[in-house]
Q: 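Could you have a look at this structure, given as structure tokens, before my questions?
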Amino acid sequence: DDNSDFSSPLSSYNNKTVSGTSDSVTGLTAGTTYYVRVRAVSAGGTSASSGSLTQATLPVAPTLSAGAVTSTSIVASWAAVTGATSYRMDVSTASNFSSFVGSYNNLAVTSPTTITGLTGGTTYYIRVRTVGSGGTSADSTTLTQATSAAATAPLVSNGAASSIAQTTATLAGNVTDDGGATVSERGFVYSTSDTTPTIAEGATKQTTTGTTGAMSQAISGLTANTTYYYNAYATNSVGISYGTATNFTTLPNAPAAPAAPTGGSVTTTNFTASWSAVSGATSYRLDASTATNFATFISGFQDLTVSGTSQAITNLTAGTTYYVRIRAVNTGGTSGNSPTLTQVTVPNAPGTPTSSSILPYSFTASWPAATGASSYRLDASTNSGFTTFITGFSNTTVAVTNLSVTGLASGTTNFVRVRAVNDGGTSTNSATLTVVTPRVPGGRNPTTANTTNAFLGDQVTLGAQAWQTFNGNNRSYAT
């Protein structure tokens, strides 16, 4: 019976007849205490019951399962076994348990048990026995469990720096693996001199939040136009790791504005703007306009990129004033505007001159005004090739659009050409004006009345527009 008072004997063992002096009691429940009594029977009757035998059956072995696993520990657990008073555990790296790990050889344990002192990345074999009042169970089914890989320093990589300015930048990196141990700190180190910066070498350190995954950090207080070397780093209980050193260069300061440009190679439709190179500039921007405030721009010359220090300004109008300004550029930015260049294009040649007031010794040359001209230059010659010039009329400056050409000989062919002038230069020659002065009778051409030396047929000037002929030696005049 499983009751000490035998109030509910097992059906097979209720006053069971046994012929010998022993019997196998079967059909019992593991880990259960049973009570057995015997009576002797003879022809004379049945004796009283013997004293009770108290005997517990062996408990069953537990069923194991693995819990949390690290590189140095495994948690083994099992459900409570009926009749268990304790449990015994073996742990081995051999499946036949020919050797044992540490103290885990028939070690008294409870559930759950954390098995410690293990080696990362290693397979372990675990078995447990139940101990009860009736004895110790057979071994449990073996639990086979590998520890996680041994912890290492974290795995770290560098990213590309971004948002780079003169004094600031944003660094990027990634902790791709914590190495099997919690990351306690991560961030960046950077230096201008150490190409592979580390914390131990005294590089500037900037920590970030988080443990694993992508990270970034804005840094400031940098120096313009300077190369910085940086590393991402992360620390765990094993040690510290760095990415592969990366570098970036801060932007230079924006260049100074260029000095005032100058004009050259001026024609009626083009001129070249030139300027001195600006330190640190990698290119320039040019504006050209006919408005002093640059409210409008010449087609093709608004914020034009120029790689050198000169630029031809083309497709212009003759005799027109243009304004040019320059800005210096580098990766750090764009300067302010230079002082403005004011440049006028060369005027067109004047229109064909005309003649008036033609006299034997003079005439007046006139011509249409040339746009943008501030003055004119006039040549007068008695040969069409202008290889010689009439006295006083070689490149003669004229402020207006006409000039009296004087000191001529009567009855001669004269040639006149005109050029327009302004600050941009001098135009080409106009078409040539041809003027023939009238011929007066006689072979001599005195310029003043001279009755003493005059001869018949001589011309004698009596007034600005009057001529008479001296008639003989009697000093009389006839019209």
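Worth saying up front: this structure is predicted, and the values here are computed from it rather than measured. The residues of the chain are indexed from 1 along the displayed sequence. Computed from heavy atoms alone, side chains included, the values below leave out hydrogens, waters and symmetry copies.
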Q: With side chain to side chain contact (heavy atoms under 4.5 Å, CB included) as the criterion, how do Tyr229 and Tyr190 come out once you've worked through the C-alpha distance, each side chain's angles and the decisive distance to 0.1 Å?
A: CA-CA 5 Å; Tyr229 303 90; Tyr190 57 94; over 6 Å; no
Q: Side-chain contact, heavy-atom cut-off 4.5 Å: Tyr323 with Asn293?
A: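 No, their side chains stay 4.5 Å or more apart.
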Q: For residues Pro347 and Ala318, report the shortest heavy-atom separation together with the two atoms involved.
A: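 Pro347 and Ala318 have their closest heavy atoms at C-CB, 4.2 Å.
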Q: Suppose the criterion is salt bridge (charged side-chain N to carboxylate O under 4.0 Å, His left out): which pairs have a residue in residues 174-202, not counting sequence neighbours?
A: Glu185-Lys205
Q: Would Thr396 and Arg377 count as having a side-chain donor-acceptor pair, cut-off 3.5 Å?
A: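 No, Arg377 and Thr396 have no side-chain donor paired with an acceptor closer than 3.5 Å.
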Q: Side chain of Thr412, backbone of Ser410: donor and acceptor closer than 3.5 Å?
A: no
Q: How far apart are the closest heavy atoms of Tyr125 and Thr93, and which atoms are they?
A: CE1-O, 3.5 Å
Q: Might you point out which heavy atoms bring Ala203 and Pro197 nearest each other, and give the distance in Å?
A: CB-CB, 3.6 Å
Q: What is the distance from atom OG1 of Thr352 to atom CG of Leu433, rounded to the nearest 0.5 Å?
A: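 Between Thr352 OG1 and Leu433 CG, I get 9.0 Å after rounding to 0.5 Å.
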Q: Measure across Gly333 and Pro255 and return the closest heavy-atom pair with its distance rounded to 0.1 Å.
A: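 So the minimum-distance heavy-atom pair works out to O-CD, 3.7 Å.
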Q: I'd like a table of donor-acceptor pairs (distance under 3.5 Å, sequence neighbours excluded) in which one partner is a side-chain atom from residues 140-158, with atom names and distances.
A:
residue, atom, partner, partner atom, Å
Ser140, OG, Val128, N, 2.9
Ser140, OG, Val128, O, 3.3
Thr147, OG1, Thr119, O, 2.6
Thr147, OG1, Gly121, N, 3.0
Thr147, OG1, Thr122, N, 3.0
Thr147, OG1, Thr122, O, 3.3
Ser148, OG, Thr70, O, 3.3
Ser148, OG, Ser71, N, 2.7
Asn158, OD1, Ala232, N, 2.7
Asn158, ND2, Tyr230, O, 3.1
Asn158, ND2, Asn231, OD1, 3.2
Asn158, ND2, Thr244, O, 2.7
Asn158, ND2, Thr246, OG1, 3.2

Q: Checking the side chain of Ser430 only, and the main-chain atoms of Val418 only, is there a donor and an acceptor separated by less than 3.5 Å?
A: yes
Q: side-chain hydrogen bond (donor to acceptor under 3.5 Å, both in side chains) between Asn383 and Thr388: does it pass, once the steps are laid out?
A: CA-CA 7 Å; Asn383 68 78; Thr388 60; 2.9 Å; yes
Q: Using a 4.5 Å cut-off on heavy atoms from C-beta on, say whether the side chain of Val175 contacts that of Val183.
A: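 Counting from C-beta outward, Val183 and Val175 do come under 4.5 Å.
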Q: Please assess Phe188 against Thr207 for the test side chain to side chain contact (heavy atoms under 4.5 Å, CB included), listing each intermediate value before the final yes or no.
A: CA-CA 6 Å; Phe188 300 91; Thr207 60; over 6 Å; no
Q: Mind checking whether Met89 and Thr113 have side chains closer than 4.5 Å, heavy atoms only?
A: yes
Q: Using every non-hydrogen atom in the two residues, find where Thr331 and Leu251 come nearest and quote the distance to one decimal.
A: O-CD1, 3.5 Å
Q: Atom CD1 in Ile358, atom CG in Asn414: separation rounded to 0.5 Å?
A: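 One finds 10.0 Å between CD1 of Ile358 and CG of Asn414.
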Q: Roughly how far, to the nearest 0.5 Å, is CZ of Phe248 from OG of Ser163?
A: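 That separation rounds to 11.0 Å.
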Q: Going by heavy atoms in the side chains, are Thr401 and Pro368 under 4.5 Å from each other?
A: no
Q: Give every donor-acceptor pair under 3.5 Å between a side-chain atom in residues 217-227 and any protein atom, sequence neighbours left out.
A:
residue, atom, partner, partner atom, Å
Thr226, OG1, Thr223, O, 3.2
Thr226, OG1, Ala224, O, 3.0
Thr227, OG1, Thr249, OG1, 2.9

Q: Scan for ring-ring contact (aromatic ring centres under 6.0 Å, His included) pairs involving residues 259-285, sequence neighbours excluded, and state none if there are none.
A: Trp275-Tyr284
Q: Please give me the minimum heavy-atom distance between Thr250 and Ala165, naming the atom from each residue.
A: CB-O, 3.4 Å
Q: To the nearest 0.5 Å, what is the distance between CG on Asn105 and OG on Ser99?
A: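 These two atoms lie 10.0 Å from each other.
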Q: Does a side-chain heavy-atom distance below 4.5 Å link Leu107 with Phe100?
A: no
Q: To the nearest 0.5 angstrom, please state how far the CG atom of Leu359 sits from the OG atom of Ser357.
A: 6.5 Å
Q: Determine yes or no for a side-chain-to-main-chain donor-acceptor pair under 3.5 angstrom, with Asn330 supplying the side chain and Ala281 the backbone.
A: no
Q: Report, one line per pair, each donor and acceptor closer than 3.5 Å where one atom sits in a side chain of residues 295-316; sequence neighbours left out.
A:
residue, atom, partner, partner atom, Å
Asp303, OD1, Arg327, NH2, 2.9
Thr305, OG1, Arg285, NH1, 3.3

Q: Using modelled atom types and a 3.5 Å cut-off, is there a donor and acceptor pairing between side-chain atoms of Ser111 and backbone atoms of Trp78?
A: yes
Q: Is there a donor-acceptor pair closer than 3.5 Å between any side-chain N or O of Thr345 and the backbone N or O of Thr320?
A: yes
Q: Are any side-chain N or O atoms of Ser73 and backbone N or O atoms of Thr116, one a donor and one an acceptor, separated by less than 3.5 Å?
A: no
Q: Answer yes or no: is there a donor N or O on one side and an acceptor on the other, between the side chain of Ser216 and the main chain of Ala172, under 3.5 Å?
A: no
Q: Hey, mind stepping through Tyr228 and Thr204 against side chain to side chain contact (heavy atoms under 4.5 Å, CB included) and telling me if it holds?
A: CA-CA 11 Å; Tyr228 285 83; Thr204 302; over 6 Å; no
Q: Taking Gln343 for its side chain and Gly424 for its backbone only, find out whether a donor-acceptor pair lies under 3.5 Å.
A: no
Q: Measure from the side-chain N and O atoms of Asn422 to the backbone N and O of Thr426, and report whether any donor-acceptor pair falls under 3.5 Å.
A: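 Between the backbone of Thr426 and the side chain of Asn422 there is no qualifying donor-acceptor contact (under 3.5 Å).
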Q: Quick one: OG on Ser265 to CG on Asn270, what's the gap to the nearest 0.5 Å?
A: 9.5 Å
Q: Does any non-hydrogen side-chain atom of Asp379 lie less than 4.5 Å from one of Ser381?
A: no
Q: Leu378 and side-chain contact (heavy atoms from CB on, under 4.5 Å): which partner among Thr397, Leu403, Asn395?
A: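 Among Thr397, Leu403, Asn395, the one meeting side-chain contact (heavy atoms from CB on, under 4.5 Å) with Leu378 is Leu403.
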Q: Do Phe97 and Asp139 come close enough that some side-chain heavy atom pair is under 4.5 Å?
A: no
Q: Heavy-atom distance under 4.5 Å between the side chains of Ile74 and Leu118, does that happen here?
A: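 Yes - at least one pair of side-chain heavy atoms lies under 4.5 Å apart.
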Q: Just grab all the ring-ring contact (aromatic ring centres under 6.0 Å, His included) pairs involving residues 365-420, residues at least two apart or on different chains.
A: Trp367-Tyr376
Q: More than 12 heavy atoms of other residues, nucleotides or ligands under 6.0 Å from CG of Asp423: yes or no?
A: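 Not more than 12 within 6.0 Å, no.
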Q: Just by distance, with hydrogens left out, do Asn96 and Ser98 show a side-chain donor and acceptor under 3.5 Å apart?
A: yes
Q: Using side chain to side chain contact (heavy atoms under 4.5 Å, CB included), reason through Ile126 and Ile115 one step at a time and then give a plain yes or no.
A: CA-CA 10 Å; Ile126 304 163; Ile115 305 166; 3.5 Å; yes
